Amino acid sequence: MNAKGDLIARALSLGLGAPEFEVSSDGPPHQRTFHVTVRIGGEPLGEGGSGRSRKDAERAAADSALRVLDGEPMADTEEVHDEAPAGRWPIYAGVLEAALETAAEFADEDASLDDVRRDAGRLYRELLLDLGHGPEPL
């Protein structure tokens with residue numbers, strides 16, 4: 001799986017624009033640790049990622065961002081997560097776009113981008129389940 005490529009393709013297909021990968025590092029040159037934050041429209045998406053190489057950190061950050069697009073809350077949120085069947089959900093761009101538009105339309109004025117994405121993810125899963133399209137086994 002190419003998490004970074006998958007994230008870029010999904011973000012573009014949803015009309016969100018290309019994600020930006022913000023990279024920082026710390027530590028001595030022989031023990032460098034890279035930290036990556038994914039941003040879409042200037043807003044962070046997911047928890048970011050860290051790794052011994054820039055590529056590993058980007059992959060971890062992209063995985064985290066994809067989970068958010070799939071409707072999973074970030075670790076620092078205390079939201080109660082609806083139990084959804086485990087597995088990889090199929091991506092139908094038109095259905096996902098409609099879920100995002102609906103979530104944005106009904107969002108509170110002070111809702112964050114992550115709030116709208118989480119609501120859209122829940123709507124998307126519910127629509128797919130209603131249509132008989134559950135997750136694919138891992």
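In this text, all values refer to a predicted model and were calculated from it rather than measured experimentally.
- Panel note: side chain Arg125, backbone Asp70; a donor-acceptor pair is recorded below 3.5 Å.
- The main-chain N or O of Glu47 is found under 3.5 Å from a side-chain atom of Ser64 such that the two form a donor-acceptor pair.
- Using modelled atom types, no side-chain atom of Asp63 and backbone atom of Ala60 make a donor-acceptor pair closer than 3.5 Å.
- The CG atom of Leu45 sits 6.5 Å away from atom CG of Leu7, with the distance rounded to the nearest 0.5 Å.
- In terms of heavy-atom proximity, Ala120 sits nearest to Ala103 at N-CB, 3.6 Å.
- A distance of 11.5 Å separates CZ of Arg59 from CG of Asp6, quoted to the nearest 0.5 Å.
- Proximity of a side-chain donor or acceptor of Arg117 to a complementary backbone N or O of Leu69 within less than 3.5 Å is not detected.
- Atom-to-atom distance recorded for Arg54:CZ and Thr33:OG1 is 15.0 Å, nearest 0.5 angstrom.
- Here the closest heavy-atom approach between residue Ser53 and residue Phe34 is recorded as C-CD1, 3.5 Å.
- Minimum heavy-atom separation, Leu113 to Ile40: CD2-O, 4.0 Å.
- With hydrogens and angles disregarded, no donor-acceptor distance shorter than 3.5 Å links the side chain of Thr102 to the backbone of Ala99.
- Nearest heavy-atom pair, Ala62 versus Val38, reported as atom, atom and distance to 0.1 Å: N-CG2, 4.1 Å.
- Going from atom CD of Glu97 over to atom CG of Leu16 covers 9.5 Å, rounded to the nearest 0.5 Å.
- Between Val116 and Ala111, the shortest heavy-atom distance links the atoms CG2-CB, 4.4 Å.
- Contact check for Leu100 versus Leu123: no side-chain heavy atoms found under the 4.5 Å cut-off.
- Residues Lys4 and Asn2 have side chains in contact (heavy-atom distance under 4.5 Å, counting atoms from C-beta outward).
- When the side chains of ILVMFWY residues are joined at heavy-atom separations under 4.5 Å, either directly or via intervening members, Ile8 and Val23 end up in a single hydrophobic cluster.
- For Ser50 against His35, the heavy-atom pair with the smallest separation is OG-ND1, 2.8 Å.
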